[in-house]
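Everything below concerns the one structure shown next.
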Amino acid sequence: MTTSAPPVNDRPGGPGPADERLLGTSPWRKLLGRPELGAVVGALAVFLFFAVVADSFLRMTSFGTVLYAASTIGIMAVPVALLMIGGEFDLSAGVMVTSSALVTSMFSYQMTANVWVGVFVSLLVTLALGAFNGFMLTRTKLPSFIITLGTFLMLTGLNLGLTKLISGTVSTKAIGDMEGFSSAKKLFASQLTLGNTEFKVTILWWIALVAVATWILLRTRFGNWIFAVGGNADAARAVGVPVAKTRIGLYMGVAFCAWISGQHLLFSFDVVQSGEGVGNELTYIIAAVIGGCLITGGYGSAVGSAVGAFIFGMTSKGIVYAEWNPDWFKFFLGAMLLLATLLNAWVRKRAEATR
């Protein structure tokens, strides 16, 4: 009777069985595990589609216009994506942008102060609005949908009521001739020229926010807290994660980016309509979802939100360059949302199957 020798790893004194935790992960598995993979595939498809059907789509001037349209959405899509990863929503994000611009304009005009004073007052007010959303959420335990819907309605009424009370119309007074306006415009609404193409400074703001948000998510303790809170808040609380502070911080992040967007809105035109911003909150959420964020929380990336905003920019301007009826834009946006969600779900299943 013969016996075979045991494997080297199982012999006494041998190195022992291999630990699966130490096994390398293939590049393919890493790629499938990225939340933004589906959005990148969708972006390539949209780009190729409009490159074929619209001759002017590939011009550098058109590219600058597409990037600008994407950046105005992307600046807000980044913090909204982080908030969704944390398992929450903010339906007041759109009108908060307008509120930020209104505070800067009316405070500067009524107090005859340097425009920069209005800018910083607006920052404080907008951050307070974000903290209010987070505080109410953590204290009342009500769904974020209800809390932020209430804030949305209150801000919509305040924007209109206070603007008409102070200015007598539905828009603010022009502040283009006030001290500090030109320097503030350089920061929030200037243009950069590369070759023969002009690019808005919002593109730089957008890129910087994506980089900072990605670093926070992947390299900091706060990023771990965001994923933990979005995955299972009770379990996160049990291991010492400050759930309430994390949620308040996320809402204040949305408010900070709303302040940036609001200043761009004001210093681009020097007046603000009080009714602007209504409905934009859905666009920010759509960009985040297209970029791979889950409605249920705990999954997503800042880069994915940027790709989702880029898809939005390509579609909104590609329809114009193709000389189609812009009335169809919302149809294409809805179709992209469904297709992106299905593609992201398929990618996630494939990633889980290869683990």
Side-chain angles (χ1 to χ4, degrees), residues 43 59-82 90 93-105 115-116 118-120 122-123 126-127 130 175-176 180-215 253-273 276-277 279-288 290-291 302-318 320:
R59 297 175 184 171
M60 281 300 296
T61 53
S62 301
F63 185 64
T65 303
V66 168
L67 282 179
Y68 173 61
S71 68
T72 57
I73 301 300
I75 287 174
M76 289 302 297
V78 170
V80 167
L82 265 61
D90 191 347
V95 293
M96 196 181 296
V97 171
T98 307
S99 298
S100 169
L102 289 172
V103 170
T104 300
S105 179
V115 167
W116 280 105
V119 169
F120 287 113
S122 174
L123 174 60
T126 311
L127 289 176
I175 62 171
F181 183 89
S182 59
S183 58
K185 182 170 183 174
K186 288 180 181 179
L187 180 61
F188 295 107
S190 61
Q191 294 181 344
L192 307 173
T193 302
L194 296 177
N196 297 323
T197 307
E198 292 184 343
F199 296 92
K200 296 282 189 177
V201 72
T202 50
I203 299 173
L204 297 181
W205 278 104
W206 179 34
I207 294 173
L209 288 170
V210 172
V212 171
T214 301
W215 174 76
V254 173
F256 175 74
C257 291
W259 172 73
I260 295 174
S261 295
Q263 304 318 295
H264 171 70
L265 177 65
L266 171 61
F267 292 110
S268 293
F269 305 103
D270 99 349
V271 296
V272 183
Q273 297 288 331
E276 293 186 28
N280 285 348
E281 60 281 342
L282 295 179
T283 303
Y284 308 146
I285 293 173
I286 288 172
I290 290 176
V303 174
S305 72
V307 178
F310 186 55
I311 291 175
F312 182 94
M314 286 193 293
T315 304
S316 62
K317 299 306 176 184
V320 176

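Residue numbers count from 1 along this sequence.
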Enumerate, atom names and distances included, each donor-acceptor pair closer than 3.5 Å involving a side-chain atom of residues 187-194, sequence neighbours excluded.
| unit_1 | atom_1 | unit_2 | atom_2 | d |
| --- | --- | --- | --- | --- |
| Ser190 | OG | Lys186 | O | 2.7 |

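- Between the CD1 atom of Ile260 and the CG atom of Leu265 there is a distance of 14.0 Å, given to the nearest 0.5 Å.
- Looking at residues two or more places apart in sequence or on another chain, you find no side-chain hydrogen bond (donor to acceptor under 3.5 Å, both in side chains) involving Trp215.
- Taking every heavy atom of both residues into account, Pro79 and Ile75 meet most closely at CD-O, 3.1 Å.
- Without hydrogens or angle criteria, Ser99 side chain to Val95 main chain gives a donor-acceptor distance under 3.5 Å.
- Listed here is the closest heavy atom pair of Ala77 and Ala287: CB-CB, 3.9 Å.
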Next item on the list: Under the side-chain contact (heavy atoms from CB on, under 4.5 Å) rule, what do Lys317 and Phe63 come out as? Steps first, then yes or no, please.
Entry: CA-CA 9 Å; Lys317 299 306 176 184; Phe63 185 64; over 6 Å; no
Margin query: Pair Cys257, Val78 - check side-chain contact (heavy atoms from CB on, under 4.5 Å), show working.
Written below: CA-CA 9 Å; Cys257 291; Val78 170; 5.6 Å; no
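- By the side chain to side chain contact (heavy atoms under 4.5 Å, CB included) test, Ala258 is found to be paired with Met76, Met96, Val97, Thr126, residues two or more places apart in sequence or in another chain being considered.
- With sequence neighbours excluded, the residues satisfying ring-ring contact (aromatic ring centres under 6.0 Å, His included) with Phe181 are Phe267.
- The two residues Ser183 and Trp116 come nearest to each other via the heavy atoms OG-NE1, 2.7 Å.
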Item checked: Verdict with supporting geometry, Leu266 and Ile175, side-chain contact (heavy atoms from CB on, under 4.5 Å) -> CA-CA 9 Å; Leu266 171 61; Ile175 62 171; 3.9 Å; yes
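- Residues satisfying the ring-ring contact (aromatic ring centres under 6.0 Å, His included) test with Phe312, not counting sequence neighbours, are Phe329.
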Next item on the list: In sequence, state the C-alpha distance, the side-chain angles, and the governing distance for Leu123 and Phe256, and then conclude on side-chain contact (heavy atoms from CB on, under 4.5 Å).
Entry: CA-CA 7 Å; Leu123 174 60; Phe256 175 74; 4.0 Å; yes
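- Remark: Val271 engages Thr172, Ala174 in a side chain to side chain contact (heavy atoms under 4.5 Å, CB included) (not counting sequence neighbours).
- Listed by first then second residue, pairs satisfying side chain to side chain donor-acceptor pair (under 3.5 Å) with a partner in residues 202-211 read Ser71-Thr202, not counting sequence neighbours.
- When all heavy atoms of Ile73 and Tyr284 are compared, the closest pair comes out as O-CD2, 3.9 Å.
- When atom types are taken as modelled, the side chain of Ser316 and the backbone of Gly313 share a donor-acceptor pair closer than 3.5 angstrom.
- Leu67 CG to Met314 CE: the interatomic distance, rounded to the nearest 0.5 Å, is 10.0 Å.
- Contacts classified as side chain to side chain donor-acceptor pair (under 3.5 Å) and involving residues 255-273 (residues at least two apart or in different chains) are given here: Tyr68-His264, Ser100-Gln263, Thr104-Gln263, Ser122-Gln263, His264-Ser268.
- Residues satisfying the side-chain hydrogen bond (donor to acceptor under 3.5 Å, both in side chains) test with Thr61, not counting sequence neighbours, are none.
- Scanning both residues, Ala306 and Val210, for their nearest heavy atoms gives CB-CG2, 3.8 Å.
- Smallest separation of non-hydrogen atoms from Leu82 and Ala213: CD1-CB, 3.9 Å.
- Here Thr283 contributes atom OG1 and Ile290 contributes atom CD1; the two are 9.5 Å apart, rounded to the nearest 0.5 Å.
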